[in-house]
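Structure record follows, encoded as structure tokens.
Naming convention: chains lettered A, B, ... in sequence-line order (proteins, then strands); numbering from 1 in each chain. All values below come from the heavy atoms of this structure, side chains included, with hydrogens, waters and symmetry mates left out.
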2 protein chains.
Amino acid sequence: MFFLKELPTQAMITRYSDEFCPDQSQQIAQRLEGLREYSSLIRKLDDYFASHGLSQLRFLILMAIDRELDREWLYASELVSRLDVSKPVLSRAVKKLVEDALLCAKKDKEDGRAVTLALTKKSEALLKSILSGYFDILTTSPNLE
Amino acid sequence: MFFLKELPTQAMITRYSDEFCPDQSQQIAQRLEGLREYSSLIRKLDDYFASHGLSQLRFLILMAIDRELDREWLYASELVSRLDVSKPVLSRAVKKLVEDALLCAKKDKEDGRAVTLALTKKSEALLKSILSGYFDILTTSPNLE
DNA sequence: AAAATCTAGTTACCATGGTAACTAGTTTTT
DNA sequence: AAAAACTAGTTACCATGGTAACTAGATTTT
């Protein structure tokens with residue numbers, strides 16, 4: 001997450017960057033502006049997900065399973081390889097999704113260690129109901145062209 | 001933080017967005033790409049700060065004080081209004097910075113509640129030593145024009 | 001000037017990210 | 001087939017974000 005409310009003015013950036021990388025102060029300003037815009041977009045998405053009992057991670061777990069074309073389920077380990085998140089964090093998130101009846105976990109028959117994770121009626125309906133708002137937020141963020 | 005390792009293909013996005021907002025799938029793809037690029041940039045910055053005993057927040061606190069033109073110090077409450085962070089989080093970060101001799105805290109003479117926060121020799125030197133690398137990371141991130 | 005309100009900063013607690021180290025099942029080596 | 005190595009998932013612990021509620025000093029109301 002990025003925190004600056006007021007970005008440094010071009011003059012401020014120049015004051016610093018002239019010493020280290022003159023002629024790049026404009027690019028630095030652009031990059032900082034981009035960081036702020038995208039951080040703000042991430043916050044908006046987080047708020048939106050929270051208003052539907054989800055989070056960025058919970059949403060992405062559901063989407064990753066839903067978008068799988070040839071199967072109805074994924075192993076937790078497959079989710080780890082698809083999402084940029086650590087195993088323990090995924091494990092905990094999955095546990096809560098199962099408790100909330102948003103995921104259906106079943107022991108795999110072939111591999112005694114593995115668990116298959118599938119969407120439930122509830123999470124299918126939830127995804128359907130929130131995707132429209134999700135796309136709205138993505139497409140209506142200001143200052144990002 | 002954003003987690004998708006492999007972004008959905010344009011075909012996947014179309015599969016979803018056609019139902020809700022046809023003709024916007026390309027914009028959605030762009031926005032997701034931007035989110036991923038900036039998340040990756042934020043991770044790079046975090047790693048860089050961590051390698052110098054800092055964090056995004058700790059760095060921004062020091063910068064906010066350093067960039068103040070007419071004063072050598074700020075109140076904690078001023079930092080809260082300049083950085084997009086909650087009071088308790090700032091309070092804790094400041095406490096640690098003082099312990100690490102990167103901030104000098106003094107009771108304000110006029111206002112018995114307030115504390116003035118100034119840089120130390122150590123943090124001034126630290127800022128000088130890391131700014132160059134910071135600008136490098138900002139200006140050399142790929143895929144962001 | 002006493003009461004009420006506001007403000008600076010902290011404490012307590014919760015959520016969610018991380019790594020290291022563990023259990024237990026599977027696969028590979030020898 | 002026993003040992004070693006690998007893999008799936010969890011547990012324990014730490015870091016850092018959040019809100020609510022607190023203390024204490026300053027200010028405003030009455």
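Residues A:Asp84 and B:Ser40 form no side-chain contact, since every pair of their non-hydrogen atoms from C-beta on lies 4.5 Å or further apart.
In this model, the phosphate group of C:dA15 is not approached by any side-chain N or O of A:Ser55 to a distance below 4.0 Å at OP1 or OP2. At least one side-chain nitrogen or oxygen of A:Arg43 sits closer than 4.0 Å to the OP1 or OP2 atom of D:dG18. For the OP1/OP2 pair of C:dT16 and a distance below 4.0 Å, the side-chain nitrogens and oxygens of A:Lys96 include at least one atom meeting the criterion. The side chain of B:Arg58 contributes no N or O atom lying less than 4.0 Å from OP1 or OP2 of D:dA15. For C:dG9, the OP1/OP2 oxygens have no side-chain nitrogen or oxygen of B:Ser91 closer than 4.0 Å. Contact annotation: A:Ser86 reaches the phosphate of C:dG18 (side-chain N/O to OP1 or OP2, under 4.0 Å).
Side-chain proximity of B:Val89 to D:dT19, D:dG9, D:dG18: nearest is D:dG18. When the nucleotides D:dT10, C:dT7, C:dG9 are ranked by their closest atom to the side chain of B:Arg113, C:dT7 comes out on top. Comparing D:dA8, C:dG9, C:dA20 by their nearest atom to the side chain of A:Pro88 picks out C:dA20.
Here D:dG18 presents its C1' atom at 17 Å from CD of A:Gln56, a figure rounded to the nearest Å. A straight line from CG of B:Asp47 to C1' of C:dG17 spans 13 Å, rounded to a whole angstrom. Taking atom CZ on A:Phe59 and atom P on C:dT16, their separation rounds to 17 Å, with Å as the unit. Taking atom NZ of residue A:Lys95 and atom P of nucleotide C:dG17, one finds them 16 Å apart after rounding to whole Å. Between B:Asp46 atom CG and C:dT19 atom C1' the separation is 16 Å, expressed in whole Å. With rounding to whole Å, A:Tyr75 atom OH is found 11 Å from C:dT26 atom P. Whole-Å rounding puts the B:Leu90 CG to D:dG18 P distance at 10 Å. If you take CZ of A:Phe49 and C1' of C:dG17, they are 17 Å apart, rounded to a whole angstrom.
Partner B:Leu126 forms a side-chain contact (heavy atoms from CB on, under 4.5 Å) with one of B:Leu102, B:Leu119, B:Thr120 and no other, that one being B:Leu102.
Between A:Arg92 and A:Asp111, the residue whose closest nucleotide on DNA chain D is further toward the 5' end is A:Asp111. Nearest-nucleotide positions on DNA chain C for A:Gly112 and B:Val94 put B:Val94 closer to the 5' end. If B:Thr116 and A:Lys109 are placed on DNA chain C by their nearest nucleotide, the residue sitting closer to the 5' end is B:Thr116.
Checked for salt-bridge contact, A:Asp100 and A:Arg58 meet the test: a charged N lies under 4.0 Å from a carboxylate O. Salt bridge annotation for A:Glu78-A:Arg71: present, with a cationic side-chain nitrogen under 4.0 angstrom from a carboxylate oxygen.
At a threshold of 4.0 angstrom between heavy atoms, the contacts of B:Glu78 with the nucleic acid are absent. Across all strands shown, A:Val115 has heavy atoms under 4.0 Å from sugar-phosphate atoms exclusively, and none from any base. Across all strands shown, B:Val85 has heavy atoms under 4.0 Å from sugar-phosphate atoms exclusively, and none from any base.
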>> If you apply the rule salt bridge (charged side-chain N to carboxylate O under 4.0 Å, His left out), what do you find for B:Arg36 with B:Glu33, and how did you get there?
In response: CA-CA 5 Å; B:Arg36 193 174 58 170; B:Glu33 180 66 24; 3.5 Å; yes
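Going from atom OH of A:Tyr16 over to atom CG of B:Leu127 covers 7.0 Å, rounded to the nearest 0.5 Å.
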